[in-house]
Amino acid sequence: MNRRTFLQRSAAAGVGALVIGSALEACTRVAVDSERPIVGRPPFTLPPLPYPYAALAPHIDAETMRIHHTKHHQGYIEKLNSALVGHPQYAATALEQLFVERDRLPEALRPVVQSHGGGHYNHSLFWQCLTPTPTPPPKALTEALVRDFGSAEAFENQFAQAGLSVFGSGWVWLVQLEEGKLAVETTPNQENPLMYPAQAGSKLLLGLDVWEHAYYLNYQNRRADYLAAFWQVVNWGFVAGRLKA
Ligand code: MN
């Protein structure tokens, strides 16, 4: 696909502004959230939480949230920024684009984008997936869950089972595939589905961090309890707002 076809197809797919790094070839479709971006442009900064650290207690405790945000997330940002300083040609490139072009990046940058770029992006999305004042899933989202999982409860069961199945550190995702269907996926470490070329057209709707740092202070080894508590603080309005028509 040439650049023109790419842009036409992207426009047809409802994708907004695309920022293509000068060093990157625009041959892989990538959905950049132009209206409500998950992250800004380099140098990246820690996004403020949309609620106080204690707001999600007792489901997620204040100390976990504070350390997770100010230490873990901040650490990914600092390491990502310092690596990008040596590669100014990517200063205006969307992180989503770096993910999909990962295998063609300078060798030194690849693992940084995968680990720390993923860490920044995944956590920026994760904070927004949570809320101290949850409301039921909007109708359009419930209908999509019923269509693709049989019921909202079946989706939650599949998501929780996937969360339990992650060995070591990783994430569980509700993604909307390019053709519109919803699916549950898991990724190791700080990877996310946007990093896999076959999935570049997918959209991340909901993400759950199942690294031990996300729950160990409160739940220790009881990941299943953390997964159960998660449903008490999911921001369904945010998730539904990311659904593609
Ligand atoms: Mn984390």
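Here, residue 1 is the first one in the sequence, and each next residue gets the next number. In listed order, ligands and their atoms are each counted from 1.
For the Mn ion (ligand 1), the N/O/S atoms of His123 include one lying under 2.8 Å. Look at His68 and the Mn ion (ligand 1): an N/O/S atom of the residue is under 2.8 Å from the metal.
Residues His123 and Tyr76 bring their aromatic ring centres within 6.0 Å.
Looking at His68, its side chain never comes within 3.5 Å of a backbone N or O of Thr64 through a donor-acceptor pair.
Within Asp209, the N/O/S atom positioned nearest the Mn ion (ligand 1) carries the name OD2.
Under the side-chain hydrogen bond (donor to acceptor under 3.5 Å, both in side chains) criterion, Thr186 pairs with no residue at all, not counting sequence neighbours.
Between Glu143 and Arg147, none of the side-chain N atoms (NZ, or NE/NH1/NH2) sits under 4.0 Å from a carboxylate O, so this pair counts as no salt bridge.
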